[in-house]
Amino acid sequence: MATLSVQTLTGKGKVIPSFANAAGGGDVAPNAGGGITIVVRNGDASAKTVTFKSFAETALEGTAVADKAFSIPAGGLLIFGPLDVKPWNNGSNQVEITYSAVTSVTVAVIKGA
């Protein structure tokens, strides 16, 4: 898995994030203090599924917390976050992301200051 860089939003200015190519084996995003948002663009002609792995055993209601999967249509954009530490962080304080395919898929990780 490739490690994505977190881009920090500062002050009142706006940032146009830099996107990286999605890795075939998936990506991880540092989320030690929580609060990251993950943006995924699908520039391909077919839909892609992006999955965020859950590391919580149970929710407050006592039910299992499942991984969260989203279908991104061709040319679509997904914004997921801000993400809490639980249930999204693995033992290394990273969010794990996998993709059904990575052709023309790019990803950025942003965090507000």
Side-chain angles (χ1 to χ4, degrees):
M1 293 190 143
T3 302
L4 300 167
S5 296
V6 177
Q7 301 166 64
T8 303
L9 302 176
T10 57
K12 294 181 182 180
K14 296 180 181 179
V15 169
I16 299 173
S18 297
F19 285 81
N21 291 327
D27 290 308
V28 292
N31 191 36
I36 64 169
T37 296
I38 299 171
V39 183
V40 183
R41 290 190 306 197
N42 177 14
D44 198 25
S46 62
K48 303 287 193 284
T49 300
V50 178
T51 303
F52 297 88
K53 179 146 179 67
S54 171
F55 290 92
E57 294 179 14
T58 59
L60 295 175
E61 297 82 24
T63 58
V65 177
D67 297 348
K68 189 71 174 171
F70 298 94
S71 179
I72 306 174
L77 179 76
L78 167 72
I79 301 172
F80 186 55
L83 300 176
D84 293 327
V85 170
K86 289 186 178 186
W88 304 113
N89 284 15
N90 63 19
S92 298
N93 285 317
Q94 300 168 320
V95 175
E96 293 185 13
I97 312 157
T98 56
Y99 315 94
S100 60
V102 295
T103 302
S104 299
V105 175
T106 56
V107 61
V109 181
I110 56 175
K111 184 171 183 172

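Checking side-chain atoms of Q7 against main-chain N and O of S18 turns up a donor-acceptor pair under 3.5 Å. In this structure, K48 contributes its side chain and R41 its backbone to no donor-acceptor pair below 3.5 Å. Between the side chain of D67 and the main chain of S54, a donor-acceptor pair closer than 3.5 Å is present.
Rounded to the nearest 0.5 Å, atoms CZ (F80) and CD1 (I97) are 10.0 Å apart. The OG1 atom of T8 sits 7.5 Å away from atom NZ of K111, with the distance rounded to the nearest 0.5 Å. Taking OG1 of T106 as the reference point, atom CG of L77 lies at 8.5 Å (rounded to 0.5 Å). Distance check: L78 CG to T37 OG1 gives 10.5 Å after rounding to the nearest 0.5 Å.
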List the steps, then state whether side-chain contact (heavy atoms from CB on, under 4.5 Å) holds for T3 with Q94. CA-CA 9 Å; T3 302; Q94 300 168 320; 4.3 Å; yes
Should D27 and M1 be marked as a side-chain contact (heavy atoms from CB on, under 4.5 Å) after you check the CA-CA gap, both sets of side-chain angles, and the distance that decides it? CA-CA 5 Å; D27 290 308; M1 293 190 143; 5.9 Å; no
side-chain contact (heavy atoms from CB on, under 4.5 Å) between N93 and N31, intermediate numbers included: CA-CA 6 Å; N93 285 317; N31 191 36; 6.0 Å; no
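The minimum heavy-atom distance between T49 and A69, with the atom names listed, is CG2-CB, 4.1 Å. When every heavy atom of I110 is checked against every heavy atom of P17, the shortest pair comes out as CG2-CB, 3.9 Å. Pairing each heavy atom of V109 with each of A29, the nearest pair is CG2-CB, 3.8 Å. Closest of all the heavy-atom pairs between S46 and A74 is N-CB, 3.8 Å. What you find for I38 and F52 is that their closest heavy atoms are CD1-CE2, 3.7 Å. Looking at every heavy atom in both residues, T103 comes nearest to N42 through O-OD1, 4.4 Å.
Hydrophobic clustering (ILVMFWY, side-chain heavy atoms < 4.5 Å, transitive): I79 and L83 are in distinct clusters. Criterion: ILVMFWY side-chain heavy atoms under 4.5 Å apart, direct or through other members. Under it, W88 and V6 are part of a common hydrophobic cluster. Linking ILVMFWY side-chain heavy atoms closer than 4.5 Å, directly or via other members, places V39 and I72 in two distinct hydrophobic clusters. When hydrophobic clusters are built by joining Ile, Leu, Val, Met, Phe, Trp and Tyr residues whose side-chain heavy atoms come closer than 4.5 Å, directly or via intermediates, V28 is not grouped with V95. Tracing side-chain contacts under 4.5 Å through hydrophobic residues (I, L, V, M, F, W, Y), one reaches F70 starting from V40; they form part of the same cluster.
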